[in-house]
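Just passing along the structure, written as structure tokens.
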Amino acid sequence: MFSKSEGSHLTIKYARPAITSLAVELVARRLVEEMVEAVKGVHGLHGSGQPPRRGGRHELCWDDISAETPRRVRDILTRHCPLGWHLVYTTISASGKKKEGYMQSVPRMRPADITTTEILSDIAYCRTPYARLNHVTRGILYFACGAQQTLFGYNSWIGHTPSWNTTVATLKRLAALDASYIRKLGRELLRALMMRTDNVQQHLKQWEARMGKENLMKIGMSAIVNEVHGYDPTAFSLKDKQRRILEDKRKDLTVNQLLGWIDFDHASCVGTLHCLQILVTYIPQLHHLKPSVAHLFSTSGAKLPLPQRKTDIYPLSTVAKNENITSEFRDALVDFLGQMGQHNEDHDDSRIILVGGDGLTYERLLQNKGYSGDQDNEFRTFNIIEPFLETWHTGLTHLSMVAETHWGDRLTDDPSKLGHSAAKIGQKAPTSLKKVDYYPCLYVTNLTVETRIIDCWRIIFSCDDIFEHFIQLESEGHLPSLDGLLNRARTLYHRYCSHRAYEQACEGSIPAAGPFAIPKGRPWSPLPRQESSNATVLDDSGGQSAKGQKGKTKKTGHSQGKVDRPSEPFLGDQCLADAIIFLQEGILVREFAQAVATGDPGRVYEAMKRMNIAFAGSSHPKYGGYTLEMIVNLELESSPELKNIFLKNWLVNPSGEVGRWVEGDLHLEHINLQLETMIAHKDEQWDSEYVATVIAPNTSHFVTLKNKYREGVGLAQRRGRHTSPHSRPEVSTMLETFKEEDLHCFRQGRHYGDNGIPPKKTLDVFSLGLAALRESKLAKWVADTRARRMDSRLWRNAPDRPRSNDDIRGAHGAALETDTAMDDGEEESLQVQTGGYAIYVNGELVVDYDLSALDALAAGEEELDALGHDLDGSV
């Protein structure tokens, strides 16, 4: 009971109201004193940035704006407003019921500490607009999520966020701070930046049909930079790089040299470990071995493991240039280099700058260096640029190659085909096998590889049900040891994942015993339709036409019905052979994804060297040229120190968490997606002031804040529960199919060719690539890439320079090609279509996809632990 009158308690005549009013006045005075103290700049609510002038106010910087902001604000308020915190917290958390003389606290759906922080910070912001740490963070979050200006106006009026104009001004100032830091870092002698660039585009649809208003595609280019870890100025010496180029070692390049650069022993080692990893992941009784298998990957299977660190990504201002137009691509490079502190009039010509991108960007970089070779300084010739090929688009192209090679027909009966397994579990075929949707296809491919490996393990252990087998072994106390499983994994890899096993299955020369021995299955009986040479389908006119016949057709249109049958019976097992070569390529897909997630660029590079040869024998020759240029550049034209530093900076980890390394071009794709989303409803060009100074430079922070801020307030992203791998219905369905078909047993004469004739086309793209390289492709590539360099200023005075392209053609015995790739046809730019993730959690590779999974790239460690428990089936 107290008086609400404006007068003092001294004016109240009665004792009890006067005393209670005095208590209220003392509490209110204390609350004001606490708030006055809390909003002082030295305590942190103004920000941690140093004042621009002496005696000025502290400013906010990006270090203040993160998922940790709510916790920092809470710590400030609990330290300097203890009474206010106690009163608000008690008011929120008390249930209204008394227990032992005190108000009872109960848990609430809305956390009391978070709500108390928000209330007191709102009070502080209403008292002074400089106590804005929590509110600017919230305003930037609203801006990143595309909140309308109406919401900003309302929330600014009630003291919940700054106004729209204030938020934009803050973002512009923060972008200017980052730009200044980038220019400074780009000019330092003992530190360096590396850049990744890509195209960005946005379709602008005109909703009103008027003259002069047309739908258009806004095309531009974006770029991100990050600091080079472990930078060594001597390794980045431009003179050393040019000296190695002038040695012209690529002129003597041979296929055997390419094969010598591949560590096949390491490929066998990691292939064996993947087989073992799949077993201990799917068998609950072996889950205790997962840390041991992970240790084997990090020791005997490692190549160049990276220490755990966070990669600070800085987006550059976008430009309205088209990378497919040479002059515009050059202008974009000049603009990006200028943002890094390098200009034509003022640049460092003593060192190189790493600049990378996807295949098309990599090709454009090489072309521009060739076209500008006769300019008058190292900047204009782009000699200071060292192009490199990024990894995600390379992995996507390899995955597309695997799908195109192994998917099969839509209604195939061949159980070795990827499409057959996908149909069994209800997965649709990709719209285009030459350019698949990455995460859905990776999910299907990896799940099929894992399930087939489990079926191979069933055969290795000579049992009908491998899950029941290990349940029995556990009950008997006879679970195999890690060493025993590792030896069996080596046998499995040799039998079902090696090239020798593939050749033996094709020829039917399976040994009866030894590491390459494969058990025999049921005798093979050809399908009835395979024996018929008169299979018909309706033609366009409604009549019948022969299908799959090899005989010639007379002018009358009647087929002769002749089929060229083999003179000798087929003794091999084409289905088993195709299954083996699929596992070989599927293990490589899995190795590439896991090597990236764990942060081992050495393993990524080993996988790329194997992909390079396979590309040469596939329908993706462009990437054969890209990867070959990359490998030759690192092996023959770079110092070991430069190669080592580059590989250590090839991957990025924006979150800084274990198992969360990603490809640099994939991270750039996500930033571009955020860019395209934020200007979707704005008629702005990519080089407009608003986009270039407010949105583009802050995009990486937007992505991080959107994904991380929920964790700071206790709203970590929720996921659906993942059942244990062995209990998935897809796994059970495929295992039953493989067992029924004896897929991984030798059945002499088995094939699914038309008319009873085994297909002649081999699926061994690695061997096809070797043959193509030996025949002419390697010589053509060497001749073309050498000719591209010979007119440059660097080669003009070289003593051993060929005097004409005819000299080069004569040296290699091949006609020159006009493109840097090994064949005609442009490789289309590939982008992320469906969201997903490939992460390394608790010793296993986790691959999944969904429409909202892009947010998973910034998932927190606690969430990953929970996900790992769900996968283990222990929760």
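In this chain, numbering begins with 1 at the start of the sequence shown. Scope of the values below: all heavy atoms of this structure, side chains included, with no hydrogens, waters or symmetry mates.
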Please check if the number of heavy atoms outside K303 that lie under 6.0 Å from its NZ is greater than 12.
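Yes, NZ of K303 has more than 12 neighbouring heavy atoms, counting only those of other groups under 6.0 Å.
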
Can you tell me how far the OG1 atom of T69 sits from the NZ atom of K708, to the nearest 0.5 Å?
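Between T69 OG1 and K708 NZ, I get 13.0 Å after rounding to 0.5 Å.
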
Looking just at side-chain N and O atoms, do D265 and S268 make a donor-acceptor pair shorter than 3.5 Å?
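There is no such pair (donor and acceptor under 3.5 Å, judged by atom type) between the side chains of D265 and S268.
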
Where do W261 and E606 come nearest, in terms of heavy atoms and distance?
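Shortest heavy-atom separation between W261 and E606 comes out as O-OE2, 4.1 Å.
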
Does NE2 in H295 sit with more than 12 non-hydrogen atoms of other residues, nucleotides or ligands closer than 6.0 Å?
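Atom NE2 in H295 is not packed in, count stays at 12 or less.
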
Aromatic plane relationship, Y623 with Y626 - under 30° parallel, 30 to 60° tilted, over 60° perpendicular
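Answer is perpendicular, since the angle exceeds 60°.
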
In sequence, state the C-alpha distance, the side-chain angles, and the governing distance for T272 and L486, and then conclude on side-chain contact (heavy atoms from CB on, under 4.5 Å).
CA-CA 8 Å; T272 299; L486 185 59; 4.1 Å; yes

Should the heavy atoms of other residues, nucleotides or ligands under 6.0 Å from NZ of K184 be counted, would the total exceed 12?
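Check fails, neighbour count at 12 or below.
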
When you check the gap from the basic side-chain N to the acidic O, do D263 and K609 get nearer than 4.0 Å?
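A salt bridge is absent here (no side-chain N lies under 4.0 Å from a carboxylate O).
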
Would you sort out whether Q674 and N698 count as a side-chain contact (heavy atoms from CB on, under 4.5 Å), showing the intermediate values?
CA-CA 10 Å; Q674 176 70 19; N698 297 312; over 6 Å; no

Can you tell me how the ring of H701 sits relative to the ring of W62, calling it parallel under 30°, perpendicular over 60° and tilted otherwise?
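The arrangement is parallel - the two ring planes meet at less than 30°.
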
Will you find, in the side chains of E585 and H398, an N or O donor that is under 3.5 Å from an N or O acceptor?
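Yes.
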
Test item: side-chain donor near acceptor, N446 and E450, under 3.5 Å:
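Their side chains do contain a donor-acceptor pair, which is all the 3.5 Å distance test asks for.
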
What distance do S700 atom OG and F702 atom CZ have between them, rounded to the nearest 0.5 Å?
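Reported value, rounded in 0.5 Å steps: 10.5 Å.
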
Is the side chain of T405 donor-acceptor paired with the backbone N or O of V402 at a distance under 3.5 Å, no angle test?
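Not confirmed, T405 side chain does not pair with V402 backbone.
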
Examine the side chains of N653 and S655 and answer whether a donor and an acceptor come within less than 3.5 Å of each other.
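On atom types as modelled, these side chains qualify, holding a pair under 3.5 Å.
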
Could you give the distance from CZ (F297) to CG (L273), rounded to the nearest 0.5 Å?
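It is 4.5 Å, given to the nearest 0.5 Å.
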
Close side-chain approach of L141 to T137, heavy-atom, < 4.5 Å:
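No, too far: nothing below the 4.5 Å cut-off.
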
When rounded to the nearest 0.5 angstrom, what distance separates CD1 in I587 from CD in Q594?
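One gets 10.0 Å once the value is rounded to the nearest 0.5 Å.
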
Indicate the atoms forming the closest heavy-atom contact of V449 with L583, along with that distance.
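So the two residues come closest at O-CD2, 4.1 Å.
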
